[in-house]
Amino acid sequence: MMDKIKEEIRVTNGRYRLGYHLMTKGGWMNDPNGFSYFKGYYHMFYQYYPYASEWGPMHWGHARSVDLVHWETLPIALTPGDMESGCFSGSAVVFEDKLWLIYTGHHYIEPGDPESFYENQNLAYSEDGIHFTKYEGNPVLRMPSDNTKHFRDPKVWQEGDVFYMALGSQAADGLGRALLYRSRDLKSWEQVSVLAKAKNLKEEGYMWECPDFFRLDGADILLMSPQGLEPDGDRYRNLNQTGYLIGTLDEETHTLTHGGFREIDCGHDFYATQTILTPDGRRVMVAWMNAWDSPMYEKADGWAGALTVPRELRVVDGTIRQSPVWELKQLRQEALHDGNLECGRTYDVPRTSEVLLAVQDIGEGTLLTLTDGTHTLTLTPDHACGRFVLNRTTKDGERAAQLHELTHMTLRIYIDRSSVEIFVNDGVLTFTERIYFDADVRLTVHTGAAVGTI
Ligand code: FRU
């Protein structure tokens with residue numbers, strides 16, 4: 001009897017498909033993986049399940065691009081099954097003219113019990129950047145004895161002729177941490193240090209997913225997604241958060257001296273970042289444009305999940321700023337409106353568009369509304385408490401953050417059918433949101449004097 005061949009799920013309704021964001025051609029996506037540059041192409045991999053619009057045994061989906069804007073979907077790079085039950089998140093580096101993927105092998109122990117598993121680190125390689133072979137010597141790294149089963153998401157980078165790996169882990173005492181390893185050949189690894197570790201559960205969590213470590217503008221930064229932080233006023237309102245520790249790496253001990261954890265995006269739909277150092281020296285970040293508790297209405301249409309636009313990072317005054325990569329400008333078409341915006345008037349905004357605004361003399365009450373009549377997003381300054389508040393017409397729709405400058409500000413808003421990304425004051429503050437517009441959008445600036453381009 002012939003084995004039943006599984007069929008990949010197809011998109012059945014295009015209503016929420018995004019115009020310029022990377023998504024699957026059908027099926028589920030979560031974290032970006034293996035963001036790299038090889039033989040003239042940017043490569044992006046992602047956690048992928050091709051057979052349903054739900055999370056399942058993890059594959060690595062694959063796309064490439066010459067400009068970070070137009071992505072071409074390639075064949076699946078990694079399929080679980082022969083060496084592991086899931087190919088979990090990881091990264092990619094170029095070594096000896098090959099593209100190497102370093103991924104977590106996730107292994108279930110007790111059938112039917114998702115909490116019974118172990119994890120280790122593995123390699124796959126490719127000469128053409130399309131077809132990948134798992135390394136026969138896998139796994140290349142097993143868990144140390146002072147660790148629980150949580151041991152995943154390797155981010156590897158090269159310094160001279162040494163490769164380093166930051167790895168997400170939970171110490172045996174139950175606290176989240178990032179481990180640092182090094183290797184000369186990607187195949188044998190030795191632990192260098194515990195790069196950083198949570199001081200307590202409430203503020204820094206029990207497991208640090210997707211760590212990424214880099215130096216930018218004179219600061220050392222550990223970007224990661226800790227699990228288990230408790231909501232604290234406006235902070236930590238999603239199920240899990242993504243943010244960073246910023247400080248200085250001690251060259252002797254290889255530990256990071258740092259301040260408190262800061263969220264990098266304050267919206268509902270942002271998780272599991274990964275960065276690349278581009279050939280021209282920019283630090284560019286992408287994230288999964290969802291969270292584990294996002295409703296993801298596109299599931300009904302045969303797909304789920306997308307990545308944010310690539311964002312260039314800079315550090316200014318000890319804080320990360322984000323701006324959409326300049327390559328996105330090539331998508332601009334003739335402006336529908338350019339100049340002063342009349343306060344209180346409604347402007348039509350296509351469901352795929354960019355809005356650039358500079359607003360002065362901002363008063364009390366709602367500053368801006370975006371609505372299709374049913375789904376509404378508002379931005380409101382809270383002058384009394386120095387907060388900037390986003391509201392989405394959904395359950396638990398409010399997200400907010402402290403913002404120093406509330407009477408005048410710049411806003412860059414990227415709208416793409418079922419997503420809105422907002423960059424406030426040169427990306428000091430960002431909100432990433434999925435909002436499922438099903439008709440054209442109207443924009444109103446309610447207070448202040450605005451100049452803008454739509
Ligand atoms: C983060 C994460 C990773 C893991 C992957 C599994 O969203 O939980 O820690 O490798 O997703 O899909």
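Any value given below was found using the heavy atoms of this structure, including those in side chains, with hydrogens, waters and symmetry copies removed. Atoms within each ligand, like the ligands themselves, are counted from 1 in listed order.
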Open item on the list: So if I apply the ring-ring contact (aromatic ring centres under 6.0 Å, His included) rule between His106 and each of Phe151, Phe88, Tyr118, which one comes out positive?
Closed with: Phe88
Task: For atom 7 (O) of ligand 1, closest protein heavy-atom neighbour - done: Asp31 OD1, 2.7 Å
Task: Check: Asp265 main-chain N/O paired with Gln322 side-chain donor or acceptor under 3.5 Å - done: no
Open item on the list: If I apply the N/O under 3.5 Å rule, does Glu209 come out as touching ligand 1?
Closed with: yes
TODO: Taking only Lys NZ, Arg NE, NH1 and NH2, and the carboxylate oxygens of Asp or Glu, determine whether Arg282 and Asp280 approach each other closer than 4.0 Å.
DONE: yes
Task: Check: Phe45 ring centroid to Phe132 ring centroid under 6.0 Å - done: yes
Open item on the list: Taking 4.0 angstrom as the limit and counting only heavy atoms of Ser89, give me the atoms of ligand 1 inside it, by number and element.
Closed with: 5 (C), 10 (O)
Open item on the list: What I want to find out is whether Arg152 reaches Glu209 closely enough, with some N-O distance under 4.0 Å, to be called a salt bridge.
Closed with: yes
Open item on the list: Salt bridge check, Arg387 against Glu398: does any charged N sit closer than 4.0 Å to a carboxylate O?
Closed with: yes
Task: ligand 1 contact on Asn30 by region, counting heavy-atom pairs under 4.0 Å - done: side chain
Task: Met58: numbered ligand 1 atoms lying under 4.0 Å from its heavy atoms - done: 12 (O)
Task: Contact atoms of ligand 1, heavy-atom distance to Tyr271 under 4.0 Å - done: 1 (C), 7 (O)
Task: Asp372 (side chain) donor-acceptor with Val441 (main chain) under 3.5 angstrom - done: no
- [ ] State whether the shortest distance between N or O atoms of Trp288 and N or O atoms of ligand 1 falls below 3.5 angstrom.
- [x] no
TODO: Check ligand 1 against Gln47 and write out every atom of the ligand that is under 4.0 Å from a heavy-atom position of the residue.
DONE: 5 (C), 6 (C), 12 (O)
Task: Test item, Asp153 contacting ligand 1 (heavy atom, 4.0 angstrom) - done: yes
